[in-house]
Amino acid sequence: MHSAKGEKHWIIPDGYIPENSSGELLSHESVCVLNVSSEEALINFTIFFEDRDPIEDILVVVPPRRTKHIRTSSLNKEGTPIPVGVPYAIEARSDIPIVVQYSRLDSTQAENALMSVVAYPVR
């Protein structure tokens, strides 16, 4: 039996899916989740905006002893996705401790930029 490690509550304050991409790579963002435990992690995402109500209760399951890279463009509630070109923030709450990393590939210019950070763990 492998015990869970990390935290149950994570915040990513800076999200933005660019409207345009150049070259072969598509601009995107990913929430990377690591579940080292022997049980599945049930993660509930809330997406916050500057000028509208949040998109709440987006459930993602990460199997035991696995990692999952979740493109933020795939997160949606009843068919409502995160809009492109709009700043947003992410709250992730899990039923067991997990580790969360956030990555952005910006290919809006010929010179691609990749950013990756560990999300903020709320204790």
Side-chain angles (χ1 to χ4, degrees):
M1 194 62 125
H2 298 275
S3 62
K5 294 180 176 56
E7 296 292 337
K8 292 183 176 183
H9 190 188
W10 295 85
I11 301 291
I12 302 165
D14 177 32
Y16 185 82
I17 304 170
E19 296 179 70
N20 301 307
S21 299
S22 64
E24 296 179 23
L25 296 174
L26 180 65
S27 293
H28 68 274
E29 299 184 327
S30 293
V31 177
C32 309
V33 176
L34 175 61
N35 176 11
V36 300
S37 78
S38 295
E39 59 183 292
E40 70 181 9
L42 303 176
I43 305 164
N44 191 299
F45 287 93
T46 299
I47 311 301
F48 294 92
F49 302 98
E50 294 177 348
D51 61 352
R52 62 189 88 185
D53 289 337
I55 301 173
E56 300 182 78
D57 301 319
I58 304 170
L59 180 64
V60 174
V61 178
V62 179
R65 313 234 345 114
R66 296 287 186 267
T67 185
K68 188 166 196 164
H69 292 68
I70 306 153
R71 285 218 181 171
T72 57
S73 60
S74 73
L75 294 173
N76 73 79
K77 182 67 174 185
E78 299 172 353
T80 301
I82 298 171
V84 298
V86 173
Y88 64 92
I90 302 168
E91 178 182 38
R93 289 184 178 268
S94 178
D95 63 333
I96 63 170
I98 55 172
V99 177
V100 175
Q101 178 179 320
Y102 172 74
S103 299
R104 176 186 294 155
L105 173 66
D106 184 344
S107 63
T108 55
Q109 302 177 52
E111 298 79 20
N112 295 322
L114 180 65
M115 173 194 77
S116 188
V117 297
V118 173
Y120 180 79
V122 179
R123 295 186 170 104

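The structure displayed is predicted, hence computed values, not measured ones.
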Can you hop from Val36 to Val60 via hydrophobic side chains spaced under 4.5 Å?
-> no

State, without any angle test, whether Glu39 and His2 hold a side-chain donor-acceptor pair at a distance under 3.5 Å.
-> no

So CZ of Arg123 and CD of Glu7: to nearest 0.5 Å the spacing works out to 4.5 Å

Would you say Arg66 has more than 12 foreign heavy atoms packed within less than 6.0 Å of its CZ?
-> no

Can you tell me how far OG of Ser73 sits from CD1 of Ile82, rounded to the nearest 0.5 angstrom?
-> 8.0 Å

Decide whether Trp10 and Phe48 are clustered together by the hydrophobic rule: side chain heavy atoms of Ile, Leu, Val, Met, Phe, Trp, Tyr closer than 4.5 Å, transitively.
-> no

Heavy atoms, side chains only, cut-off 4.5 Å: are Val86 and Val84 in contact?
-> no

Indicate whether any N or O donor in one side chain lies under 3.5 Å from an N or O acceptor in the other, for Thr72 and Tyr102.
-> no

Considering only heavy atoms from C-beta outward, does the side chain of Ile43 approach that of Ser94 to under 4.5 Å?
-> yes

If you measure from CD1 on Ile12 to CZ on Phe45, what distance do you get to the nearest 0.5 Å?
-> 7.0 Å

Identify the residue among Asn76, Ile47, Thr46 that makes a side chain to side chain contact (heavy atoms under 4.5 Å, CB included) with Ile58.
-> Ile47

Say you draw a straight line from CD1 of Ile96 to CD of Glu40; how long is it, rounded to the nearest 0.5 Å?
-> 8.5 Å

For Asn44 and Arg93, indicate whether the former's side chain and the latter's backbone hold a donor-acceptor pair under 3.5 Å.
-> no

Is there a side-chain contact between Val122 and Glu91 (heavy atoms, below 4.5 Å)?
-> no

Side chains of Lys5 and Pro97: closer than 4.5 Å at any heavy-atom pair?
-> no

To the nearest 0.5 angstrom, please state how far the CZ atom of Arg65 sits from the OG atom of Ser37.
-> 8.5 Å

Output yes when Glu29 and Arg71 qualify as a salt bridge under the 4.0 Å nitrogen-oxygen rule, no when they do not.
-> no

Nearest-0.5 Å distance that lies between atom CD in Gln101 and atom NE2 in His69 = 7.0 Å

Do side-chain atoms of Lys77 reach the backbone of Asp57 as a donor and acceptor pair under 3.5 angstrom?
-> yes

Is Thr67 reaching over with its side chain to a backbone N or O of Val33, donor-acceptor style, under 3.5 angstrom?
-> yes

Transitive ILVMFWY side-chain link Val31 to Leu34, under 4.5 Å = no

Taking all non-hydrogen atoms of both residues, which atom of Phe49 and which atom of Pro54 are closest, and how far apart?
-> CD1-CA, 4.4 Å

Closest non-hydrogen contact found for Pro81 with Ile55 is O-CD1, 3.8 Å

Examine Leu42 and Leu75 and state if one hydrophobic cluster contains both, with Ile, Leu, Val, Met, Phe, Trp and Tyr joined whenever side-chain heavy atoms are less than 4.5 Å apart.
-> no

